[in-house]
Student: 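The structure is given below, and queries will be raised subsequently.
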Amino acid sequence: MSRTASHWGVYDVGADGTARGMPEDPHPSPLVGGLPELVHSDLRIDRPHVREGWLHRRDRAGRGAERFVPVDWDTALELVADELTRVRAEHGNEGIYGGCYGWASAGRLHHAPSTLKRFLAGFGGYVDKVGNHSFGAALAVMPHVLGRSDVPNLTPTWPEVVEHTELVVMFGGAHLKNSAVDPGGALEHTGADWFERAHAAGVRFVNVSPSREDVTAAVDPEWLPVRPGTDVALMLGLVHTLLDDGSVDREFLARCTDGFETFERSLAGHDADWAAGVTGLPAVRIRELARRMAAHRTLVTTSWSVQRAQHGEQPPWMTVALAAVLGGIGLPGQGFGLGFGSIRGNVVPRTEPVPRPTLPLGKNPVDIAIPVGRFADLLLHPGEELEYAGGRITLPDVRLLYSAGGNPFHHNANLNRLLTGWRRLETVVVHEQFWNPPAVFADIVLPATTTMERNDVLATEFAPEWRAMYRVCPPHAQARNDLDVFAELADRLGFGPDYHEGRDEMGWLRHLYDVAADRARVAGYEPPGFDEFWTTGRCVFPAPPASPLFSDFRADPVAHPLATSSGRIQITSPTIAGFGHADQPGHPTWHEPDEWLGAARPGELHLLSNQPAARLHSQLDPSSGSRATKIGGREPLRIARVDAEARGIADGDTVRVSNARGAFYAGARLTDDLTPGVLSIATGAWYDPAEPGVPGTPDKHGTPNVVTADSGSSRLGQAPVAQSVLVEVERVEDAPAVTAFAGARV
């Protein structure tokens, strides 16, 4: 039995390959069995491969369709080194994109994007990415509103809610599947228990969401089936009612915020009746909710999913404004939470920041970073300017893309547009474990190890412990650790000692641990030495009593100012107003999206995409657990029963979902738990185009990002807008067969 860890939990793997969560985990994730099942699957890449057309002709057009030629490691590394050298000589380091994106490994050493960025920085630099797909819009606006960019930490924890909160109003809910994972590794799965403890303590929950399932039925939540994209309109109607009733905390607003008067003037005409017309909710329920919120110790939470939309900066900003109007910010169990339960780590008891073992990335000499939501623009429009964060970015002319630990064909929107840009690249190099879409659409594919095939350290931000991740089995076939591949490439390119510093895997683990442990001791903690840690497998830190978010600021805004221009909460931001963006005024407001039910043509429905329950993003999609959820091999699409019946769609039918950007096939799952006019599908089904490599062909497997837009949330954030999308859906009889897990032609 050997213990390792992943984003979905710490688990033991037996000699027979079976996995189980650690005994102290009350509800281990069923995902823990996925990687042991796949570690030696037929989809594993067994040796380096090069796409045939690129190898012989440096052809670009065959990506995604051509066969691959196996080569030895020396040949593969020579090709990679030569291409990096050529592109740098012809186009400078601005011609190399290393903005790799993805959750990759939970380990601190073998986090693939980190090993890649350290390597490319040593080579002279690379074009990077900025922002993220999880909470990119909030990340852009919160520094102006609160002076903070640590969005995952802008939420209270469960113990505070259980002890102090009376009412939780959840815009976008907090689905239990989301709190089962964490980007640094989930230690214990307690989300369901915390919900039940809160319910037993008398806390009441309101689920403001198009989906009833977004808050567990165990707490008997009230469901407000709001139209997608209208949360801000509802919040404006709530504030208007509070103003009419005189239930506004004017003392808190005057002492701790700036710009409320300007915001208040903008509310003219935005009462509950107006909000009812936008949201689809009765005005009487909006007024009743506002009065309940004023009468109870209320926590307002907004999920990250709500801000993944056009004008996505508005929901988190408006959430803060609503909480400020209620006056609860800084009081225990009140105020707001951004992404409450969106990952495990931001709602469980946590320590003060503990230095974590971290691989140094080095300084990137290229000072260019592109918003992740505008990746296709980077490929398609070199030389053009992109407005972002009050400034302008000139898009560089990228010729080589190097990816490790991410899946561009999962997280990027409008995949057909992406494919068009993908063809402009001269060379695509990837490190991959499986023949997944990034590998199939690459030129040079280097086989990488999985978490189970290497040693590492789990150290989640704010978690009260570090965990040893022991190697469970030898590397599959010729797979190598990313760190070792980059070390050898660095040696070939002349900067090896600066990259690897003469350390192997265990040497790096000891070094990273010792550096972090020394810093932890300075902070007052007492971690053991590395040898003791590696023997016992864990290092536990005491968790000090938590104080409410912004409690010091509330008590004395002068002594404890925020890092905003005024030191106070910016309900109106002069800085943002000064940018002069029509799509981003200086205070929260509701903008009508280009695509929402209020603008739908006859027959159009609103498509939402969400985190899957049977995998993590696209990780583990070939596992039996993920496949078991599919319908006829395709991803299930939830559709309101009334909408299905109007289109002659029965449960289990194959359907085609389409708009002007593309189309995908899915399996219909009828439900009474969706707002009429709304469809919902999980993300992460491996991209499976009917004609590989040809932009515009439908996806056969159920990949929603062939129909989502990539226009940017606003000129401020340029964040992803995957939740703002209208589509049509129809029943089909003869959909093409799914081949997502067929691998590459070799």
Student: Between N455 and R471, is there a donor-acceptor pair closer than 3.5 Å when you use the side chain of the first and the backbone of the second?
Tutor: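 The answer is yes, because a donor-acceptor pair under 3.5 Å joins these two groups.
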Student: Go through the structure and list residues passing salt bridge (Lys or Arg N to Asp or Glu O under 4.0 Å) with D484, not counting sequence neighbours.
Tutor: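 So D484 forms no salt bridge (Lys or Arg N to Asp or Glu O under 4.0 Å) with any residue.
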Student: Please check if atom CG in D46 has more than 12 non-hydrogen atoms from other residues, nucleotides or ligands closer than 6.0 Å.
Tutor: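 Counting other residues, nucleotides and ligands, CG of D46 exceeds 12 neighbours.
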Student: When you measure from the side chain of Q307 to the backbone of A138, do you find a donor-acceptor pair of N or O atoms at a distance under 3.5 Å?
Tutor: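 Yes, because the side chain of Q307 sits within donor-acceptor range (under 3.5 Å) of the backbone of A138.
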Student: Take atom CZ of R20 as the centre, draw a 6.0 Å sphere, and report whether it contains more than 12 heavy atoms from other residues, nucleotides or ligands.
Tutor: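 For R20, atom CZ is not crowded (no more than 12 foreign heavy atoms under 6.0 Å).
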Student: Testing Q433, H110, R454 for side-chain hydrogen bond (donor to acceptor under 3.5 Å, both in side chains) with T449, which one passes?
Tutor: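 Looking at Q433, H110, R454, the match for T449 under the side-chain hydrogen bond (donor to acceptor under 3.5 Å, both in side chains) is R454.
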Student: Give a yes-or-no answer on whether the side chains of S680 and N610 include a donor-acceptor pair shorter than 3.5 Å.
Tutor: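 Side chains of S680 and N610: pair found under 3.5 Å.
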Student: Side chains of S29 and V181: closer than 4.5 Å at any heavy-atom pair?
Tutor: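 They are not in contact (no side-chain heavy atoms under 4.5 Å apart), so the answer is no.
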Student: Do T358 and R108 meet the criterion of a side-chain donor-acceptor pair at a distance under 3.5 Å?
Tutor: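 There is such a pair between these side chains.
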Student: Quick one: do K117 and D128 make a salt bridge, cutoff under 4.0 Å?
Tutor: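 Salt bridge flag = yes for D128 with K117.
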Student: Applying ring-ring contact (aromatic ring centres under 6.0 Å, His included), which residue pairs with at least one partner in residues 607-634 are found, sequence neighbours left out?
Tutor: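 Only W103-H617, H410-H617 qualify under ring-ring contact (aromatic ring centres under 6.0 Å, His included).
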Student: Step by step, would you call R661 with L415 a side chain to side chain contact (heavy atoms under 4.5 Å, CB included)?
Tutor: CA-CA 9 Å; R661 289 180 288 270; L415 288 182; over 6 Å; no
Student: Salt bridge or not between R480 and E505? Use side-chain N to carboxylate O under 4.0 Å.
Tutor: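 Here R480 does not pair with E505 in a salt bridge, since their nearest N and O are not under 4.0 Å apart.
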Student: Taking the six-membered ring for Trp and the full ring for Phe, Tyr or His, determine whether the centres of W435 and F741 are under 6.0 Å apart.
Tutor: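 No, the ring centres sit 6.0 Å or more apart.
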Student: Kindly give the heavy-atom pair with the smallest separation between A439 and V445, and that separation in Å.
Tutor: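 Reported closest heavy-atom pair: O-CG2, 3.6 Å.
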Student: Between T675 (side chain) and P210 (backbone), is there a donor-acceptor pair under 3.5 Å?
Tutor: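 Such a contact is found between T675 side chain and P210 backbone.
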Student: Would you say the ring centers of W158 and F340 fall short of 6.0 Å from each other?
Tutor: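 Yes, the ring of W158 comes within the 6.0 Å limit of the ring of F340, centre to centre.
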Student: Using distance alone, with no hydrogens and no angle criterion, decide if N407 and S618 have a side-chain donor and acceptor under 3.5 Å apart.
Tutor: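 Side-chain D/A pair, N407 to S618: present.
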Student: For the side chain of R745 and the backbone of A65, is there at least one donor-acceptor N/O pair under 3.5 Å apart?
Tutor: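 Yes: the side chain of R745 pairs with the backbone of A65.
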Student: Are R656 and V729 close enough, and set up right, to give a side chain to side chain contact (heavy atoms under 4.5 Å, CB included), and what steps lead you there?
Tutor: CA-CA 6 Å; R656 186 178 187 270; V729 60; over 6 Å; no
Student: Determine, for E24 against R467, whether the closest basic-nitrogen to carboxylate-oxygen distance falls under 4.0 angstrom.
Tutor: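 Salt bridge between E24 and R467, a charged N being under 4.0 Å from a carboxylate O: yes.
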Student: Can you tell me if D443 uses its side chain to pair, donor with acceptor, with the backbone of V428 under 3.5 Å?
Tutor: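 Yes; at least one donor-acceptor contact below 3.5 Å.
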Student: Any donor-acceptor pair under 3.5 Å linking the side chain of E595 with the backbone of A709?
Tutor: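 Judged by distance alone, no pair lies under 3.5 Å.
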Student: Do P622 and F434 have side chains that approach each other closer than 4.5 Å (heavy atoms only, starting at C-beta)?
Tutor: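 No, too far: nothing below the 4.5 Å cut-off.
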Student: ring-ring contact (aromatic ring centres under 6.0 Å, His included) with W422: which of F441, Y97, F409?
Tutor: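 Per the ring-ring contact (aromatic ring centres under 6.0 Å, His included) rule, the option paired with W422 is F409, out of F441, Y97, F409.
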Student: Is the closest side-chain heavy-atom distance between N132 and L139 below 4.5 Å?
Tutor: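 Of all side-chain heavy-atom pairs linking L139 with N132, at least one is under 4.5 Å.
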Student: For V457 and L109: C-alpha separation, side-chain torsions, deciding distance, then whether side chain to side chain contact (heavy atoms under 4.5 Å, CB included) applies.
Tutor: CA-CA 7 Å; V457 174; L109 173 61; over 6 Å; no
Student: Between H40 and L38, is there a donor-acceptor pair closer than 3.5 Å when you use the side chain of the first and the backbone of the second?
Tutor: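 Pair absent, no side-chain N/O of H40 close to backbone of L38.
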Student: Are the charged groups of R374 and D710 less than 4.0 angstrom apart, N to O?
Tutor: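 Between D710 and R374 there is no salt bridge, as every charged N stays at least 4.0 Å from the carboxylate O atoms.
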Student: Out of curiosity, N414 CG to N659 CG, how far, rounded to the nearest 0.5 Å?
Tutor: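 With rounding to 0.5 Å, CG (N414) is 8.5 Å from CG (N659).
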Student: Y101 and H133: aromatic ring centres closer than 6.0 Å?
Tutor: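 Judged by ring-centre distance (under 6.0 Å), Y101 and H133 do meet the cut-off.
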Student: Is the closest side-chain heavy-atom distance between N178 and I343 below 4.5 Å?
Tutor: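 They are not in side-chain contact.
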Student: Rounded to the nearest 0.5 Å, what separates atom OG1 in T703 from atom CZ in R634?
Tutor: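 That separation rounds to 11.5 Å.
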Student: Side-chain donor-acceptor pair under 3.5 Å between H111 and D456, yes or no?
Tutor: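 There is no such pair (donor and acceptor under 3.5 Å, judged by atom type) between the side chains of H111 and D456.
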Student: Would you sort out whether S711 and V721 count as a side chain to side chain contact (heavy atoms under 4.5 Å, CB included), showing the intermediate values?
Tutor: CA-CA 7 Å; S711 55; V721 297; 3.8 Å; yes
Student: State which residues pass side-chain hydrogen bond (donor to acceptor under 3.5 Å, both in side chains) with H189; sequence neighbours excluded, sorted by chain then number.
Tutor: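 So H189 forms a side-chain hydrogen bond (donor to acceptor under 3.5 Å, both in side chains) with D25.
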Student: Would you mind checking if K630 and D621 are paired as a salt bridge, meaning a charged N to carboxylate O distance below 4.0 Å?
Tutor: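 So D621 pairs with K630 through a salt bridge.
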Student: Is there a donor-acceptor contact under 3.5 Å linking the side chains of H175 and D214?
Tutor: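 Their side chains do not contain a donor-acceptor pair, so the 3.5 Å distance test is not met.
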Student: Can you find a side-chain donor-acceptor pair between S303 and S305 that sits under 3.5 Å?
Tutor: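 Yes - a donor-acceptor pair under 3.5 Å links their side chains.
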Student: With a 3.5 Å distance limit and no angle check, can you tell me whether N416 reaches the backbone of G696 through a side-chain donor-acceptor pair?
Tutor: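 Such a contact is found between N416 side chain and G696 backbone.
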Student: Output the distance between atom CD1 (I681) and atom CG (L637), rounded to the nearest 0.5 Å.
Tutor: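 These two atoms lie 5.0 Å from each other.
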Student: What's the separation between atom CG in D482 and atom CG in L446, rounded to the nearest 0.5 Å?
Tutor: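 Taking CG in D482 and CG in L446, the distance rounds to 9.0 Å.
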Student: Run F664 and Y687 through ring pair (Phe, Tyr, Trp, His ring centres under 6.0 Å) and show every step you take.
Tutor: CA-CA 10 Å; F664 66 86; Y687 176 54; over 10 Å; no
Student: Is there side-chain contact between D182 and H7, with at least one heavy-atom pair below 4.5 Å?
Tutor: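 No. Closest side-chain heavy atoms not under 4.5 Å.
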Student: Would you say the side chains of T18 and D16 form a donor-acceptor pair under 3.5 Å?
Tutor: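 Judged by distance alone, the side chains do pair up.
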Student: Who passes side-chain hydrogen bond (donor to acceptor under 3.5 Å, both in side chains) against E37, sequence neighbours left out?
Tutor: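 Only S624 meet the side-chain hydrogen bond (donor to acceptor under 3.5 Å, both in side chains) criterion with E37.
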Student: So, are R669 and E635 salt-bridged, with charged N and O less than 4.0 Å apart?
Tutor: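 Not counted as a salt bridge, because no side-chain N and carboxylate O are separated by less than 4.0 Å.
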Student: Just to verify, what does S403 make a side-chain hydrogen bond (donor to acceptor under 3.5 Å, both in side chains) with, not counting sequence neighbours?
Tutor: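 Partners of S403 under the side-chain hydrogen bond (donor to acceptor under 3.5 Å, both in side chains) test: none.
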Student: Can you name the residues that form a side-chain hydrogen bond (donor to acceptor under 3.5 Å, both in side chains) with E432, not counting sequence neighbours?
Tutor: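 So E432 forms a side-chain hydrogen bond (donor to acceptor under 3.5 Å, both in side chains) with N436.
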Student: Does any N or O in the side chain of K700 come within less than 3.5 Å of the main-chain N or O of P736, such that one atom is a donor and the other an acceptor?
Tutor: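 Judged by distance alone, no pair lies under 3.5 Å.
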Student: Using 4.0 Å as the upper bound for N to carboxylate O, is an ion pair formed by R638 and E213?
Tutor: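 Answer for the salt bridge query: yes.
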Student: So does G107 get a backbone contact from the side chain of S105, meaning a donor-acceptor N/O pair under 3.5 Å?
Tutor: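 At least one qualifying donor-acceptor pair exists.
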